[in-house]
S.K.: 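Mind looking over this structure? Questions follow.
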Amino acid sequence: MTDKYSDGKLPVIDISDLNREQEIAKEISTACKENGFFYIKGHGIDQSLLDSLENKSRDFFSHPEAEKMQWRMELAKQAWRGYFPLCGELTSNLPDWKEGLYLGTELDDSHPLVQKKTPLHGRNLFPDFDKEFKSTILNYIESTTKLGHRLMELIALSLQLPRDYFQSKLTLGDPLILFRLFNYPSQPEPQTKDGKPLWGVGEHTDYGLLTILYQDTIGGLEVKSRGGWINAPPVPNTFVINIGDMLDRMTGGLYRSTPHRVRLNTSGTDRLSFPLFYDPNFFVSVKPIENLEPVENQDDSATRWDNFNLHKPFEGTYGDYLLNKIGKVFPQLKDDVL
Ligand SMILES: O=C(O)CCC(=O)C(=O)O
Ligand SMILES: [Fe+2]
């Protein structure tokens, strides 16, 4: 059943009942057309795994920055993994008031793509304050990647496409998976720079297909709905799902990648969040799906955070597209490793 939470605005969709697949697909279609954001429950991922990821991450971030820098991103070179310190990432050219650990699908050095030094592919840098952190992270990535496959089937059904549409045309069984652990330290006073407010994360959309977000109980995520900014507060036993720019592009704007941001955390307790980005295969070029409902005002670049027209033809692969975007959020790393 679908309940209403979060100011009554974002739906919670139960995906557990296989006999209700068509109804679930309909609920997803409505949610994707309305806000591009929804919660899912009945996802089948054990709370004990989520608790363990949260506890071990909290422990990792509690160490002094100098210790965490043992796993800094520069060390992973073009794999783009590892720790970045507070204000180490820019969104819309402003530093975010967060620190994080970047991770992804684990590929060892003998993998052909790693041998060829393919950007965004390689080994993770696993902090070892806790010896079980690595297995917890890998279990989490595996479980949520499977959940991503399932959600993409439901999204295909929601567009009246064959259930394997995205698997056969876009992910080829090997979606690009980027996973992040974020810590938003609590701040007594909002920080300002040049008179501009700082954010946990500034307004943006996500680049890929689908984001699967687990968050702790603190809150702070905000979504730009048609009626204005609304909260996406923590809801027990759920993930927040939002669609990314590539699904907006493929659906000709029928499913919008909705801007969102994270408020500066003043709660008194650090906030943790865990976004997993389930993206197209790195080597695929992303083409619009044929014969979908046409959308008026498809080009929303005038009001988009980055003034980018997602629907302008683009010839390269998803990998080309993404590297160009990432270079803007980590300019220094781009200069050093690419
Ligand atoms: O931390 C959150 O709640 C959201 C983070 C986010 O939007 C992102 O990493 O793209
Ligand atoms: Fe995001």
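Starting from 1, each residue takes its place in the sequence as its number. Source: prediction; values computed, not measured. As the structure lists them, so they are numbered: ligands from 1, and atoms in each ligand from 1.
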S.K.: Taking side-chain hydrogen bond (donor to acceptor under 3.5 Å, both in side chains) as the criterion, tell me which of Asp300, Asn307, Asp306 meets it with Arg304.
M.R.: Asp306
S.K.: Give a rough value, rounded to 10 degrees, for the angle at the Fe ion (ligand 2) between atoms NE2 of His260 and NE2 of His204.
M.R.: 90°
S.K.: Is the distance between the ring centroids of Tyr102 and Phe84 under 6.0 Å?
M.R.: yes
S.K.: Considering the options Thr269, Asp96, Val201, Leu86, which one meets the side-chain contact (heavy atoms from CB on, under 4.5 Å) requirement together with Tyr184?
M.R.: Val201
S.K.: Side chains of Thr136 and Asn139: donor-acceptor distance under 3.5 Å anywhere?
M.R.: no
S.K.: Are the ring centres of Tyr214 and Tyr140 closer than 6.0 Å?
M.R.: no
S.K.: Using a threshold of 4.0 angstrom between heavy atoms of the protein and any atom of ligand 1, which residues qualify?
M.R.: Phe182, Tyr184, His204, Asp206, Leu213, Leu221, His260, Val262, Arg271, Ser273, Pro275, Phe277
S.K.: Closest to the Fe ion (ligand 2), which N/O/S atom of Asp206 is it?
M.R.: OD1
S.K.: We want to know whether His311 and Asp248 form a side-chain donor-acceptor pair, criterion being a heavy-atom distance below 3.5 angstrom.
M.R.: yes
S.K.: Is there a side-chain contact between Leu181 and Leu272 in this structure, where contact means two heavy atoms from C-beta onward sitting under 4.5 Å apart?
M.R.: no
